[in-house]
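Proteins come first, then strands; the chains are lettered A, B, ... in the order of their sequence lines, and each starts at number 1.
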2 protein chains.
Amino acid sequence: MRSLVTKINVNDKKASVDRVITHETVYESLYEAIISGRFEPGKILTIRGLAEQFNVSPMPIREAIRRLVALGALEMQSTRRVAVAQMTDSRYREIVTARTLLEPEIAARALPNLNKQLIQKLEKIDNEIDDAINKGEPILYSQKNREFHFTIYKAANCPIMLRLIESIWLQFGPFMRIVIGRLGTSYIVDQHISAITAIKNKDELALREAIKNDIYDGMDRISKELLGH
Amino acid sequence: MRSLVTKINVNDKKASVDRVITHETVYESLYEAIISGRFEPGKILTIRGLAEQFNVSPMPIREAIRRLVALGALEMQSTRRVAVAQMTDSRYREIVTARTLLEPEIAARALPNLNKQLIQKLEKIDNEIDDAINKGEPILYSQKNREFHFTIYKAANCPIMLRLIESIWLQFGPFMRIVIGRLGTSYIVDQHISAITAIKNKDELALREAIKNDIYDGMDRISKELLGH
DNA sequence: TAACATCGTTTGTAATCACAGATGAATAGT
DNA sequence: ACTATTCATCTGTGATTACAAACGATGTTA
């Protein structure tokens, strides 16, 4: 019953740092599942169900769930049941607004730190994104697209803004996954090439513009299909 | 030992909605204490200590703490101790940036909904702020200043952006309280009159400007005193 | 005097238990 | 046939317990 817990590090000094914390492990798994859209919006999550899946007691599950509720990734219903966040028209517009405010800004702050090594990494990820699109693999596309954006954003060394942005991505992850799953990957257009070019040229305005347009490309056009009716 | 729990609502239908949930009560208390600066930055919070204060078991305390950690109000140290968030120079700059991006925007979205009743409420709060400044009551000032801003922001009906903004305020609440406590309330200048005027004139640009300048007035000048050395 | 080691205490973590409310399907009544 | 009701089960919540790591004061050694 404690399969996730029993890993105890033997190092005497730094054991605490490396120690496996069950509720942390659970949180990271759920975080990844939600942000990459492995749960459908509206899906009910039960504490005991997750406890069984993770092979742990309900306690660490509850702690992980509280964190995700605080971030808006999960919703607590009036009866205390917990569900994956739903998308509505007004929420969608808020998300686009918040993204276009925060993400170009953090990208601009990352620009001075985006060295050749990171640029190469971005180009590699962009190739993998093209592969995912051509092969029609929406989950892989989702993961790689996120990796592209957060590789840039993390370079800004702005943990507070990064947390806000992560919170937003957690909220549209499940929805976006459904959209891509329905429409397929062939409709996808992005501004990653423009972004990479702007980074190479150290052109802050062009980078801001590329990120902003990428947000619109990724969200605005597709969303009309679902929210229009 | 269960003094907070035993209130059970008798209404058969809506009992669940009104039911007192301990971890929710604890969360709200801690939220209020942190955002209004009743805890010093860096203060260590222990689960058992809080459990004793609230007269409940450690469990609901842990859930409340997890939520506040997720929002950045509390920090989890490497040894799993939990402390009130510290302020650093770079964090401070991030917070100012995030505020100036999000708060003028949400204020602009609130503008159409700010009717005469809400304007009267804002004027009343602004008077109470002046009283708090004149009487030199920093905690009261803090609360009323927050009430002023969030009265505007809540009118926007933008729950996602509001959550982001709340998260930011939670992070500078303890710090700001210390600053005001040291410098006194006499140094305080704000743009609330400009904001109210802009609201009355339905002048979106002026309102954005007033909010932006209020953020600078409140944070930029004062912070130099503390972070400069 | 100062750095180190030791040991009792405190603290975080997770499992388990107990209980009340919510859920949902079977049953009874119209 | 359909609605209302009842009851067994599921589920969230909170207290208690057990354990290991961290803390802190005391004593020891160089």
query = For DNA chain D, which residues in residues 43-52 of chain A have a heavy atom at a distance below 4.0 Å?
reply =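 Per residue number, the list reads A:L45, A:T46, A:I47, A:R48.
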inquiry  = Should the side chain of B:R62 and the base of C:dA14 be counted as holding a donor-acceptor pair, with the cut-off at 3.5 Å?
reply    =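 Yes, a donor-acceptor pair under 3.5 Å.
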key: Integer-rounded Å distance: C:dA14 P and A:R19 CZ   =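 About 7 Å, once rounded to whole Å.
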inquiry  = Between P on C:dG12 and CE on B:M76, what's the gap in Å once rounded to a whole number?
reply    =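 B:M76 atom CE is separated from C:dG12 atom P by 9 Å.
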inquiry  = Over all strands shown, is A:R81 touching base, sugar-phosphate only, or nothing at heavy-atom distances under 4.0 angstrom?
reply    =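 Sugar-phosphate contact only.
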query = Are B:R91 and B:E75 within salt-bridge range, i.e. N to O under 4.0 Å?
reply =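 Salt bridge present between B:R91 and B:E75.
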inquiry  = When you compare the side chains of A:Y27 and A:H23, does any donor N or O come within less than 3.5 Å of an acceptor on the partner?
reply    =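 No, no side-chain donor-acceptor pair sits under 3.5 Å.
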request  = Choose from C:dA14, D:dG14, C:dG21 the nucleotide whose nearest atom is closest to any side-chain atom of A:P60.
outcome  =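 Output: C:dA14.
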task = Counting heavy atoms from C-beta on, name the nucleotide in D:dG14, C:dA14, C:dG21 closest to the side chain of A:S57.
result =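 Selected nucleotide (nearest to the side chain): C:dA14.
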task = Quick one: list whatever passes side-chain contact (heavy atoms from CB on, under 4.5 Å) with B:E128, sequence neighbours left out.
result =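 Per chain and number, B:E128 pairs via side-chain contact (heavy atoms from CB on, under 4.5 Å) with B:K124, B:I125, B:K144.
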ask   = Is any side-chain heavy atom of A:V26 closer than 4.5 Å to a side-chain heavy atom of A:L50?
value =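 Counting from C-beta outward, A:V26 and A:L50 never come under 4.5 Å.
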query = Parallel, tilted or perpendicular for B:W169 and B:F172, by the 30°/60° rule?
reply =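 The arrangement is tilted - the two ring planes meet at 30° to 60°.
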